[in-house]
Each structure stands twice: as C-alpha cells, then as structure tokens.
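Contents: one structure, followed by commentary.
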There are 2 protein chains.
Amino acid sequence: MAVPADFDLESFLPYLLNQAAEATSKSFQASYKATYGMTRTQWRVLANLGKFGSMTARDICAISHIEKTKVSRAVSALEEDLLLSRAVSPQDRRAEILSLTDRGREVFADLGQKAIEYDLALRAQIGPEIAAQLDELLRSIIAESGTDGDED
Amino acid sequence: MAVPADFDLESFLPYLLNQAAEATSKSFQASYKATYGMTRTQWRVLANLGKFGSMTARDICAISHIEKTKVSRAVSALEEDLLLSRAVSPQDRRAEILSLTDRGREVFADLGQKAIEYDLALRAQIGPEIAAQLDELLRSIIAESGTDGDED
DNA sequence: CAGTAATAGTTGCACTCGCAACCAAGTCAA
DNA sequence: TTGACTTGGTTGCGAGTGCAACTATTACTG
C-alpha cells in the first residue's frame with residue numbers, strides 16, 4: 001500500500017467507458033444534429049415520448065434519468081420546432097402532458113429507424129453474442145453505481 | 001423495413017454506454033472535485049503527466065484524444081494551482097514542455113491511488129473475469145468507432 | 001380550514017465545451 | 001532570403017449544463 005502502484009488512465013474503467021460512450025454517441029449524433037438540429041437531450045426526450053406515448057416531464061426524468069432542467073429546456077426546444085405539444089393535466093394543474101405532434105412522430109420514426117440500424121451495425125462489429133453480454137454488464141454497472149448519471 | 005420496429009432507448013448501446021460512463025465518472029469525480037477542485041479534463045491531464053512524465057500539450061492530445069483547447073485550458077488551470085510548470089522547448093520554441101511540480105506529483109499519487117481502489121471495487125462488483133472482457137470490448141468499440149471521442 | 005411541506009416545472013448564473021479564427025514559430029522550396 | 005504552408009498553442013463566442021433559487025399548485029396535518 002506504500003507504493004502507488006503506477007496508475008494507468010488507459011485501463012481505468014470510467015475512462016474507457018467514457019471514450020466508448022463518446023465515440024458511439026458522437027457518431028450517431030450526426031443523424032439528429034445534422035438533419036434536425038437536435039441536441040442529444042432533445043433526441044432522448046423525443047425517443048422516450050415516441051416509445052411511451054404521452055407523459056409528463058417528470059415521467060421522462062424518472063425513466064431516462066435526465067436532469068429536470070435539461071428536460072425542461074429540451075421540451076421547450078422541441079415545442080418550438082413543433083415536434084411536441086403540451087397540455088395542462090386535468091388531474092394536476094402543475095403538470096403538463098407532453099405529446100408528439102404528427103411531425104414529431106415522423107421524426108421519431110426516421111431517427112428510430114436510423115438508431116436501430118446504427119445499433120445493429122455496432123453489435124455486428126463487436127459480435128452479437130458478446131453485445132448481449134455487454135448490455136447486461138452496462139446495466140449492472142448503471143444499477144450499482146448510484147442512481148442518476150445522465151450527461152449528453 | 002416498412003414498420004419502424006419500435007425503437008427502445010433503453011437498449012440502445014450508445015445510451016447504455018453513456019449511462020454507465022456517467023455513473024462511474026460522476027462517482028469518482030468526487031475524489032478530484034471535492035478535494036482538489038479539479039475538472040475531469042484537469043484530472044486526465046494530470047494523470048497523463050503523472051504516468052508519462054514531462055511532455056508537451058500536443059503529446060497529451062495525441063495520447064489521450066482530448067481536444068487541444070480543452071488541454072490548453074486544463075494546463076492553465078493546473079499551472080495556476082501550482083500542480084505543473086511549463087518550460088519552452090529548446091528544440092521548438094512554439095512548444096512548451098509540461099512537468100508536474102512536487103505538489104502535482106503528490107496529488108497524482110493520491111488520486112492515482114484512489115482511482116486504483118475505485119477501479120478495483122468496480123471490477124469486483126461486476127466480476128473480475130468479466131471486467132477483463134469488458135475492457136477488450138470497450139477498446140474495440142473505441143478503436144472501431146472512428147478516432148477521437150473525448151468528452152469529459 | 002389554516003399552515004406547512006412537498007412537487008412540477010422554469011429560470012438566472014457561473015462554468016465548461018467545441019469550433020473557428022488567430023498568433024507565433026518552424027519548415028520547405030524557389 | 002523571401003513567401004507559402006504547416007504546426008503548437010491560445011482565445012472569442014455561441015451553446016449546453018448543473019445547481020440553487022423561485023413560482024405555482026397540490027398534499028398533509030392538526
């Protein structure tokens with residue numbers, strides 16, 4: 001314990017995870033940024049609404065573990081681009097029910113398709129069977145390491 | 001190909017990687033942020049200098065794949081905190097040779113130790129053998145998906 | 001009911017980032 | 001040597017982020 005056992009960033013798990021995450025995210029980013037001028041957060045909010053249908057910002061936070069301020073701003077931007085609409089909840093007038101517009105659904109269909117293709121290509125590269133294990137590993141890391149964890 | 005095959009963010013590899021990366025990085029962040037008020041980039045620059053000794057900013061960029069402006073600013077901050085010093089290179093007066101100060105080395109020893117401990121704990125949680133495979137997977141993803149990919 | 005605590009969502013601010021533009025020093029070739 | 005090009009590093013600026021503070025509404029409790 002006396003000798004600092006030479007630390008090597010290159011084999012530090014958080015570092016490797018970051019590099020891999022950035023590499024893949026940046027790569028796919030082109031799809032939503034170039035074509036629709038969207039942010040990563042906006043894309044994620046859109047993806048959640050596309051998948052789960054109408055829901056409140058709070059629900060999106062709970063499901064996706066994205067900071068509420070980020071969601072708030074992403075929602076504003078998406079609304080401005082006419083990709084979603086808000087409606088005050090009858091049960092709770094603080095909450096707003098978010099729904100994709102027709103155009104929002106179109107964009108989701110397009111990007112969702114591209115995401116699936118990208119994901120499949122990635123899994124094909126590293127080997128489909130191994131990719132499945134990777135999923136499990138990542139999920140367990142996410143589950144264990146505290147709670148949130150967002151980042152774009 | 002007609003039906004959009006319902007896309008699910010939760011099993012999108014880039015998303016999972018991001019969540020895992022954020023979770024682990026945020027967790028370890030406490031070590032350098034709380035104690036030394038350092039940024040992730042600053043910590044990484046320090047780690048590289050600690051590991052490889054004196055080198056130029058350019059070298060750090062090449063090794064760590066961090067944007068040069070990020071390195072530039074991190075170096076300034078570290079210098080301000082007296083953790084490293086600069087010296088104009090005799091061979092090329094554009095370049096500056098960066099070296100950790102005594103204090104810089106102390107901090108690196110401390111954080112390096114904590115990083116090793118954190119890394120080991122993480123690997124223990126997911127299983128040491130599997131962790132080794134994970135390393136390989138991540139490296140191959142990083143290698144395949146283009147080049148850079150930094151992000152803090 | 002009043003009065004306090006909790007919750008949905010927004011906003012101000014300080015900070016980091018990425019990109020492009022920019023210096024200064026070095027290289028190369030006519 | 002001069003002029004065109006490359007390279008190490010910095011800086012200005014627009015944009016995204018996190019955190020804390022804040023508004024409005026709802027829930028709880030005596």
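Just so it is clear: chains get the letters A, B, ... in the order the sequence lines come, proteins before strands, and each one is counted from 1.
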Excluding sequence neighbours, so at least two apart, what forms side chain to side chain donor-acceptor pair (under 3.5 Å) with A:Ser99? A:Ser54

For the pair made of CD in A:Glu67 and C1' in C:dG9, what is the distance, rounded to whole Å? 13 Å

Given D:dG9, is OP1 or OP2 found less than 4.0 Å from the side-chain N or O atoms of B:Ser72? no

Would you mind reading off the distance between B:Met38 atom CE and C:dT16 atom P, rounded to a whole angstrom? 12 Å

Roughly, in whole Å, what's the span from CD1 in A:Ile66 to C1' in D:dC19? 17 Å

Between A:Tyr36 and A:Asp110, is any pair of side-chain heavy atoms under 4.5 Å apart? yes

Could you report the tightest heavy-atom contact between B:Ile130 and B:Ile126, atom names first, then the distance? CB-O, 3.7 Å

Any protein N or O atoms within reach of nucleotides 12-15 of chain C? Criterion: under 3.5 Å, listing atom names and distances.
residue, atom, partner, partner atom, Å
C:dG12, O6, A:Arg73, NH1, 3.4
C:dG12, O6, A:Arg73, NH2, 3.2

B:Asp59 atom CG is separated from D:dT7 atom C1', nearest whole Å, by 13 Å

With a cut-off of less than 4.0 Å, is there a side-chain N or O of B:Lys70 near OP1 or OP2 of C:dG18? yes

Grab the CG-C1' distance between A:Asn18 and C:dC17 for me, whole Å please. 14 Å

Give the rounded distance in Å between these two atoms: CZ of A:Arg40 and C1' of C:dG18. 13 Å

Partners of A:Ala74 by side-chain contact (heavy atoms from CB on, under 4.5 Å), sequence neighbours excluded? A:Thr41, A:Gln42, A:Val45

I'd like to check the side chain to side chain donor-acceptor pair (under 3.5 Å) partners of B:Ser85; sequence neighbours left out, ordered by chain and number. none

Under 4.0 Å, counting only non-hydrogen atoms across every strand here, what does A:Ser76 touch: a base, just sugar-phosphate, or nothing? nothing

Whole Å only: how far is the NZ atom of A:Lys68 from the P atom of D:dG18? 14 Å

I want to check something: taking the side chain as every heavy atom from C-beta on, are A:Leu9 and B:Lys51 in contact at a cut-off of under 4.5 Å? no

Would you mind reporting whether B:Tyr32 and B:Lys114 have side-chain heavy atoms less than 4.5 Å apart? no

In whole angstroms, the gap separating C1' of D:dA27 from CZ of A:Arg58 amounts to 15 Å

Using a cut-off of strictly less than 4.0 Å between a heavy atom of the residue and any atom of DNA chain C, enumerate the qualifying residues of residues 81-96 of chain B by number. B:Asp92, B:Arg93, B:Arg94

Sequence neighbours left out, what passes side chain to side chain donor-acceptor pair (under 3.5 Å) with B:Thr101? Give chain and number order. none

Would you call A:Glu22 and A:Arg40 a salt bridge, taking side-chain N to carboxylate O under 4.0 Å as the test? yes

